[in-house]
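Data block below; observations after.
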Amino acid sequence: MNRYESAKEIYAKLGIDTEEVLNTIKNVPVSLHCWQGDDVKGFDQDGPLTGGIQTTGNYPGRARTPDELMADMEKVMSLCPGAKKLNVHACYAIFEDGQFVDRDKLEPKHFAKWVALAKKYNMGLDFNPTFFSHPKVKDGLTLSSPDKATRDFWIEHGKACIRISEYFANETGIPCVMNIWTGDGYKDIPSDRMGPRIRYKESIEEILSEPFDKSKVKPCVESKVFGIGVEAYTVGSAEFSLSFAAMHDGCLPLMDNGHYHPTEVVSDKIPALLAFFPEIALHITRPIRWDSDHAVLFDDETKEMAKEIVRCDGLNRVYMALDYFDASINRISSWSVGFRSWQKALLMAMLTPNAKLKQLQDENRLTELMVAQEATKVLPFGDVWNEYCERANVPTDCALYAEIEKYEKEVLSKRV
Ligand code: RNT
Ligand code: ZN
């Protein structure tokens, strides 16, 4: 008997059908972020990354053109099991023959190549207006700026992005999650905390007044506690974003697990939000001491977040997207280790006897619960993971690095 067959028997004794799990997980879409490949630069400007986010490192091989970025993403997809969506930022617009337009004038045609890539793999697309790295960010503010012309420019950008999101949904037949995040805030103590928030609220409301089909476009608001150079105050705080989503039908809250105080955990927030919202969205990242956006690993909190989604029967209610960017290591490795780690976390969550564990809690058999939860950690998970990789025709963990090294040698190292 091979290792998978033996693992299958062990899980079957716990009431878990590994075949059913393998058939389920491969169809759960996870959004793959294009911005890991080029250090969040985009194609529409040549300035620095702003908005309180930062990439560190200068590992060779950064994608410099749409073709390079798309080739890298195709490589990553070939290394990762599971269904994918493409997550694109507005700054990744592609202008043919130098026909540049500013962000308030973006049109679906500027993203036709992204649609073609998505269609090639039967994937959906997610979208993000880009409210950073642009000369019209005035004094660190966009949608919450006291300057009306600045707000209006960014509102027009948001509306253009709704139209593009709907185009993505129409082209692919898959709903498009459109996430609104701004780095708006102040480095030091502000004298008015409410004014910017009222303006932010009204600006997002104006964006959402653009007509769209709620079954096709899923607008989200992402909160954040602080950014680099934006330490004292962020306009889109947790309370702001959660309240906004709660008060606006069809708008989803988006939680990024790098955006909270370090002892807060998004795993605990997932069931709290699912008790109220029909749908929520996540940015999955790995913060070390701050929102450092390291590649996601198969670590405790990653496992815990996936467990909550599965336990809450939330696979159809939680839009999952990766969001991190490490420029200090091979970017293909960062992308694929992160995607694979989230796949592992989902798989492990599905291979957990959740109903039995819940029963122990409800019967207050808490000693037994602790022992049982520890026992699940050493089940032969790795054998099912390897089987998943083999069936998906992607490398197992031990074979991954050789593939990455080969691509670095043949492709990335030539980018000088
Ligand atoms: C920044 C937010 C935001 C960005 C992307 C590029 O802290 O997490 O989601 O990372 O939109
Ligand atoms: Zn994020």
Side-chain angles (χ1 to χ4, degrees), residues 30-45 47-56 63 69 73 85-93 103 125-134 137 140 142-143 154 157-158 161 165 176-185 204 218-231 233-238 240-242 245 252-262 266 269 280-296 302 305 318-327 331 334-335 338 342:
V30 176
S31 206
L32 183 67
H33 56 315
C34 74
W35 51 93
Q36 163 63 79
D38 76 333
D39 312 339
V40 209
K41 257 189 114 24
F43 305 134
D44 73 342
Q45 54 87 37
L49 178 58
T50 68
I53 54 178
Q54 228 162 47
T55 52
T56 51
L69 187 60
M73 291 187 90
K85 280 180 103 180
L86 279 186
N87 206 355
V88 178
H89 243 283
C91 60
Y92 292 83
R103 290 188 191 164
L125 283 151
D126 292 328
F127 200 46
N128 308 259
T130 311
F131 297 102
F132 52 83
S133 304
H134 191 279
V137 178
T142 61
L143 293 173
W154 290 109
H157 176 52
C161 288
S165 298
C176 173
V177 176
M178 191 195 94
N179 178 45
I180 296 177
W181 171 77
T182 72
D184 289 24
I204 305 174
K218 308 280 178 175
C220 307
V221 279
E222 178 180 14
S223 69
K224 188 161 176 175
V225 63
F226 83 94
I228 298 294
V230 196
E231 285 85 0
Y233 167 83
T234 52
V235 183
S237 60
F240 174 92
S241 304
L242 209 46
L252 282 57
L254 186 146
M255 296 191 291
D256 179 312
N257 65 303
H259 290 191
Y260 296 87
H261 289 285
V266 163
K269 299 174 194 291
I280 65 169
L282 291 182
H283 272 181
I284 302 153
T285 184
R286 179 165 55 105
I288 299 192
R289 307 190 191 285
W290 68 290
D291 184 29
S292 59
D293 287 304
H294 283 68
V296 173
T302 304
M305 287 193 291
V318 182
Y319 295 100
M320 299 170 257
L322 300 176
D323 177 21
Y324 55 82
F325 25 91
D326 194 337
R331 293 167 187 80
S334 178
W335 246 330
W342 184 248

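Keep in mind that this is a model prediction, so the values were computed, not measured. All values below come from the heavy atoms of this structure, side chains included, with hydrogens, waters and symmetry mates left out. Whatever order the structure lists them in is the order used to number ligands and atoms, beginning at 1.
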### Message
Using side-chain heavy atoms (C-beta onward) and a distance below 4.5 Å, is Thr130 in contact with Arg103?
### Response
yes
### Message
Measuring from non-hydrogen atoms of Tyr324 to any atom of ligand 1, is the shortest distance under 4.0 Å?
### Response
no
### Summary
A student checking ligand 1 against His283 at a 4.0 Å heavy-atom cut-off should list atoms 9 (O)
### Message
Using a strict threshold of under 4.0 Å (side-chain N to carboxylate O), is an ion pair present between Asp256 and Lys224?
### Response
no
### Task
For atom 4 (C) of ligand 1, find the nearest protein heavy atom and state the residue, atom name and distance (0.1 Å precision).
Asp323 OD2, 3.6 Å
### Query
atom 7 (O) of ligand 1: which protein heavy atom is closest, and how many Å away?
Lys224 NZ, 2.7 Å
### Tyr324 ring center near His294 ring center (under 6.0 Å)
no
### Task
Provide the atom name of the closest N, O or S atom of Asp256 relative to the Zn ion (ligand 2).
OD2
### Query
In His283, what N, O or S atom is nearest to the Zn ion (ligand 2), if we give its atom name?
ND1
### Message
Between Arg331 and Asp38, does any NZ, NE, NH1 or NH2 come within less than 4.0 Å of an OD or OE carboxylate oxygen?
### Response
no
### Message
Can you report which non-hydrogen protein atom sits closest to atom 9 (O) of ligand 1, along with the distance?
### Response
Glu222 OE1, 2.7 Å
### Message
Show the atoms of ligand 1 that are less than 4.0 angstrom away from any heavy atom in Asp291.
### Response
7 (O)
### Message
Looking only at distances, can you tell me whether any N or O atom of Asp293, backbone or side chain, sits closer than 3.5 Å to an N or O atom of ligand 1?
### Response
no
#### Entry: Considering all heavy atoms, the nearest His33-Trp335 contact
O-NE1, 2.8 Å
### Query
Is the closest N or O pair between Asn128 and ligand 1 shorter than 3.5 Å?
no
### Query
Looking at Asp326, Asp293, Leu322, which one forms a side chain to side chain contact (heavy atoms under 4.5 Å, CB included) with Gln36?
Asp326
### Query
Taking distance alone, with no angle check, do Trp35 and ligand 1 share an N/O pair under 3.5 Å?
no
### Message
Angle between ring planes, Trp35 versus His89, binned at 30° and 60°: parallel, tilted or perpendicular?
### Response
perpendicular
## Note on the structure
Short version for Thr285: what comes under 4.0 Å of ligand 1, heavy atoms counted, is neither
### Query
What about His259: any of its N or O atoms under 3.5 Å from an N or O on ligand 1?
yes
### Query
Has ligand 1 got any nitrogen or oxygen that is less than 3.5 angstrom from a nitrogen or oxygen of His89?
yes
#### Entry: Considering all heavy atoms, the nearest Gln54-Ile228 contact
NE2-CG2, 4.0 Å
### Message
Show me which atoms of ligand 1 lie under 4.0 Å from any heavy atom of Asp256.
### Response
8 (O)
### Query
Do any N/O/S atoms of His259 come under 2.8 Å of the Zn ion (ligand 2)?
no
#### Entry: Validation row, ring centre His134 to ring centre Trp154 under 6.0 Å
yes
### Task
Report the nearest protein non-hydrogen atom to atom 1 (C) of ligand 1: residue, atom name, distance rounded to 0.1 Å.
Ile53 CG2, 3.3 Å
### Query
Would Asn87 and Asn128 count as having a side-chain donor-acceptor pair, cut-off 3.5 Å?
yes
### Task
Looking at Asp323, pick out the N, O or S atom nearest to the Zn ion (ligand 2) and give its name.
OD2
### Query
Where's the contact between His33 and ligand 1, heavy-atom distance under 4.0 Å: side chain, backbone, both or neither?
neither
### Query
Hey, are Thr285 and His283 close enough side-chain-wise for a donor-acceptor pair under 3.5 Å?
no
### Query
Tell me, which N, O or S atom in Glu222 is closest to the Zn ion (ligand 2)?
OE2
### Message
I'd like to check which ligand 1 atoms, numbered from 1 as shown, lie under 4.0 Å from a non-hydrogen atom of Trp181.
### Response
1 (C), 2 (C), 3 (C), 7 (O)
### Task
Please report the closest heavy-atom contact between Cys220 and Val177, naming both atoms and the distance.
SG-CG1, 3.4 Å
## Note on the structure
Closest non-hydrogen contact found for Leu252 with Ala245 is C-CB, 3.7 Å
